[in-house]
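Written out below as structure tokens is the structure these notes cover.
Computed from a prediction, not measured in an experiment: that's the story for all the values here. In each ligand, atom 1 is the first atom listed, and ligand 1 is the first ligand listed.
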Amino acid sequence: MQVAQIISGKGQEIYSISPDSAVSDLVAELSAHRVGALLVRDAAGTLVGIVSERDVVRGLATDASLVQASVESIMTKDVVSVRPDFEVSDLTGLMTEKRIRHVPVIDDQGTLVGLVSIGDVVKVRMDELETERAALVDYITQGG
Ligand code: AMP
């Protein structure tokens with residue numbers, strides 16, 4: 001399965017925030033949308049970074065007044081992304097190797113088409129395992 005299939009299954013909603021926004025706004029958005037990361041896009045819509053709840057936690061560990069700081073000051077600028085034809089089975093390795101749980105999907109034209117989270121990847125794997133289990137039960141009880 002390719003990541004394009006995950007994107008079409010969960011819709012095109014991509015939550016993002018401006019680099020100039022305050023961390024307090026970021027926390028409110030993460031909570032409102034019940035997500036763990038937001039893409040950071042400038043006024044022109046260009047992807048300039050990614051910011052996750054982990055950045056907030058790490059920042060707070062050294063600066064209790066972090067909520068007043070800008071998103072830009074805590075985001076990761078070097079964004080790891082994949083193309084829509086990237087295999088979902090390869091995403092687990094990429095996320096583990098890079099220690100990230102969110103990966104934007106960008107097509108050949110450079111258009112942002114979605115964001116895949118580790119939760120999406122786990123769901124695909126669970127569905128595959130359930131399909132395999134059901135097929136095995138069929139095989140055992142009905143002789144294939
Ligand atoms: P996460 O595990 O996704 O919550 O993020 C862990 C760290 O990796 C945070 O510092 C994020 O800003 C960063 N991060 C998350 N996703 C990406 C990504 N696709 N590319 C680069 N950095 C990322």
Legend entry - Amino acids in close contact with ligand 1, where any non-hydrogen atom sits under 4.0 angstrom away: Ile50, Ser52, Arg54, Asp55, Arg58, Thr76, Asp78, Val79, Val80, Arg99, Ile100, Arg101, His102, Val103, Pro104
Inset, instruction - Taking only Lys NZ, Arg NE, NH1 and NH2, and the carboxylate oxygens of Asp or Glu, determine whether Arg83 and Asp107 approach each other closer than 4.0 Å. - result: no
Legend entry - Any Asp55 side-chain heavy atom under 4.5 Å of Thr76 side chain: yes
Legend entry - Side chains of Leu47 and Ile106 in contact at under 4.5 Å (non-hydrogen atoms): yes
Legend entry - Partner of Val40 by side-chain contact (heavy atoms from CB on, under 4.5 Å), out of Val71, Val79, Ile74: Val71
Legend entry - Salt-bridge present (Arg101, Glu53; N to O < 4.0 Å): yes
Legend entry - Any Thr46 side-chain heavy atom under 4.5 Å of Arg41 side chain: no
